[in-house]
Amino acid sequence: MAELRIYNTMSGEKELFTPQRDGRVSMYVCGPTVYNYAHIGNARPVVVFDCLYRVLNVRYSEVRYARNITDIDDKIIHAAKERGADIETVSREFTEKYREDMAALYALAPTIEPKATDHIEEMVSLTLRLVETGHAYESHGHVLFAVESMQSYGALSGRKLEDMLAGARVEVADYKRHAGDFVLWKPSSESEPGWDSPWGKGRPGWHLECSAMIRAHFGESIDIHGGGRDLIFPHHENERAQSCCAYGGDFVRHWMHNAHVGMDGEKMSKSLGNTRTVRELLSHYPGEVLRCALISAQYRSPLNFSEILLEQARSTLDNWYRALRRYGSQGDFSIPIAETAVYGALMDDLNTPEAFAVMHAAAATLNKSADDAEIERARAELLTGGELLGLLNSNPDEWFQQDVKSEGLFADQIEVQIEARAAAKASKDYQLADDIRAALEAEGVMLEDGPDGTTWRRGA
RNA sequence: GGCUCGGUGGCAGAGUGGUUAUGCAGCGGAUUGCAAAUCCGUCUACGCCGGUUCGAUUCCGACCCGAGCCUCCA
């Protein structure tokens, strides 16, 4: 059986994945700060780690997958203020929308979805512990982590404290002992949300929640911690500092980070304002097309987002669905998932492009083979591959007949036209037959004559 | 300025010390009333310069170019 190998950001190498406890895997992926819609870049880690979750579930008997919701953050405070709404209203609304959007991309629900505001107590006690052990200090109402107190600070992101100061872009605040010190707990004004703490009314710093929630739900260390590349520093470096200094232990055995989705060769980010929301894209493309596009490159490679990318993803899916349509997508197959080539490809650090190549090969086999055993094998490969990749969720006819642009043109009307054309063809009135076909094409319906009659699909 | 990653054929995108990635697009053919779909065949590759090697796209070094992080960010 193939063994799982994953690239560990910490070591910079692909490593054999071994869970801490036999057969049981713990995975934590950084989720959204819920103050507006998720963009397509936010969706990449969700889809990537969803693929990993699916693979892990085949290999291990118990997989616990946590994806947090950051529901207290200054950005949410600002968003609420702008809309004149409660913070809870904003965070609840966008939590819901986030769940809907990710579900539309066929991301399975995580095992747990911890919320920051449900773990304030744990965050306070974590901060307290860091103060007691000399890794944190109070200054001007803030509690700060002292980066110099940790020998290996910077080990994850591969940087040294001296190097970081060279750029001189770290926030220089005179209440910090070292410019790299970061906030664990900060004071809240009357108008800001806050919780009682040994340091007065305040709220947590950005990095604190993940450390506290991992501790609360998984204990000292987890097997996999994932997120986007941009989180390596400072977020994950600081999480690691907090957790290791407070509780000791490994904290995280395998760090995984996905590369970004680009837009016209530039980074897509909310601050640059060049984002496309998942919600908006879903009104133009099926979720499966978006998902397919997101995993068309290996997760550690940058992915440039474009209409061309989406059209390629659509034709890739068309290709597979077309092959599936020949033999139907229903029925049992006897090949264990762990023995499929798609599984093997994904076990190699989620090599989705190689998995795609396997899928294409299986589709080609279905298109041309006359050997029952071969066909069965290819069907199994395609269908189980679809399960692992989170693709091919529809039945082929639904897939090809969705999104017909024409208004008021229903399937039964199309069938009537197909029959009329068949009659025209039978009487060798090819002019009429072609006119019917052209008229349907103008309505976004493509006809395909096959040995068993004519089928239709939405056109380009 | 510091750190990290990458430069593959028209485009997208894997991989490898010596045999086809794969997909889209193109071209030729089969099939079709004509198409579409499918099948068969086929053309453009590994940034640049050195080094190691019998042999490098694949390892090493320099160079050029690009991206990311160093500040909220998936």
Side-chain angles (χ1 to χ4, degrees), chain A residues 9 12 29-33 35 38-49 73-75 78 154 157-172 180 206 226-235 237 257-262 265-272 275 292-294 296-304 306 308-309 311-316 318-320 322-323 325-326 345 348 351-361 363-364 366-369 400 424-425 428-431 433-434 437-438 441 446-451 454-457 459-460:
Chain A
T9 306
V29 175
C30 285
T33 300
Y35 68 105
H39 61 67
I40 190 68
N42 295 316
R44 169 122 97 147
V46 174
V47 167
V48 163
F49 289 102
D73 180 276
D74 288 0
K75 288 193 289 291
H78 293 141
S157 53
R159 60 190 75 205
K160 298 178 185 136
L161 282 175
E162 311 88 76
D163 297 340
M164 286 158 48
L165 296 181
R169 289 163 78 183
V170 283
E171 183 191 353
V172 180
W206 174 35
R229 280 193 71 87
D230 53 341
L231 296 180
I232 296 172
F233 191 90
H235 187 53
E237 189 71 67
H257 295 95
N258 62 277
H260 290 180
V261 176
E266 198 181 28
K267 182 186 172 181
M268 179 190 300
S269 81
K270 289 175 184 174
S271 43
L272 290 176
T275 63
C292 185
L294 286 172
S296 62
Q298 206 267 354
Y299 74 92
R300 284 186 288 111
S301 298
L303 179 72
N304 201 41
S306 65
I308 296 166
L309 177 75
E311 287 313 323
Q312 284 214 8
R314 192 196 285 273
S315 78
T316 294
D318 280 352
N319 188 321
W320 299 342
R322 192 133 44 207
R325 200 183 205 181
R326 286 173 189 268
D348 181 17
N351 192 335
T352 47
E354 194 184 318
F356 277 31
V358 172
M359 297 286 277
H360 277 116
L366 290 184
N367 284 334
K368 66 187 172 190
S369 179
F400 285 114
K425 279 172 66 178
K428 300 224 188 294
D429 186 351
Y430 294 119
Q431 184 58 51
D434 289 352
R437 184 169 63 195
E441 201 170 320
M446 300 288 290
L447 297 188
E448 293 178 4
D449 295 339
T454 300
T455 56
W456 66 273
R457 64 184 166 91

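Convention: sequence-line order gives letters A, B, ...; per-chain numbering from 1. These figures come from a predicted structure and were not determined experimentally.
- Within the 4.0 angstrom heavy-atom criterion, base atoms lie near A:Arg437.
- Whole-Å rounding puts the A:Leu231 CG to B:U4 C1' distance at 15 Å.
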**Per-nucleotide protein contact string for nucleotides 7-13 of chain B, where B marks a base within reach and S marks sugar-phosphate only (heavy atoms under 4.0 Å, - for neither)** = ----B-S

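- The distance between atom CD of A:Glu441 and atom P of B:C34, rounded to the nearest whole Å, is 17 Å.
- B:A37 atom P lies 6 Å from atom CZ of A:Arg322, rounded to whole Å.
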**Request:** Any chance you could list the contact pattern along nucleotides 25-31 of chain B? Use B for base contacts, S for sugar-phosphate-only contacts and - for none, protein heavy atoms under 4.0 Å, 5' to 3'.
**Result:** -------

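- Here A:Met359 lies out of heavy-atom contact (under 4.0 Å) with every strand.
- Distance A:Asp449 CG to B:U32 C1': 8 Å, rounded to the nearest Å.
- Straight-line distance from the NZ atom of A:Lys368 to the P atom of B:U38: 12 Å, rounded to whole Å.
- Nucleic acid contact for A:His260: base, since at least one base atom lies under 4.0 Å from a heavy atom of the residue.
- Nucleotides B:U16 and B:A25 are separated by 28 Å at their P atoms, to the nearest Å.
- Using a 30° and 60° split on the angle between ring planes, A:Phe49 and A:Tyr299 fall in the tilted class, from 30° to 60°.
- A close approach under 4.0 Å does not occur between any side-chain nitrogen or oxygen of A:Asn367 and OP1 or OP2 of B:U38.
- Distance check on atom P: B:U53 versus B:C60 gives 16 Å, rounded to whole Å.
- Atom CZ of A:Arg314 is separated from atom P of B:C24 by 16 Å (rounded to the nearest Å).
- The side chain of A:Asp230 lies closest to B:C69, out of B:C39, B:C24, B:C69.
- When distances run from any side-chain atom of A:Phe233 to the nucleotides B:A35, B:C70, B:C72, the shortest one goes to B:C70.
- Atom NE2 in A:His235 sits about 12 Å away from atom P in B:C72, given to the nearest Å.
- Put simply, CG on A:Asp318 is 11 Å from P on B:C24, counting in whole angstrom units.
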**Asked** RNA chain B in dot-bracket, Watson-Crick or G-U pairs under 3.5 Å, [ ] crossing, | other strand?
**Response** (((((((..(((.....[...))).(((((.......)))))....(.(((..]....))).))))))))....

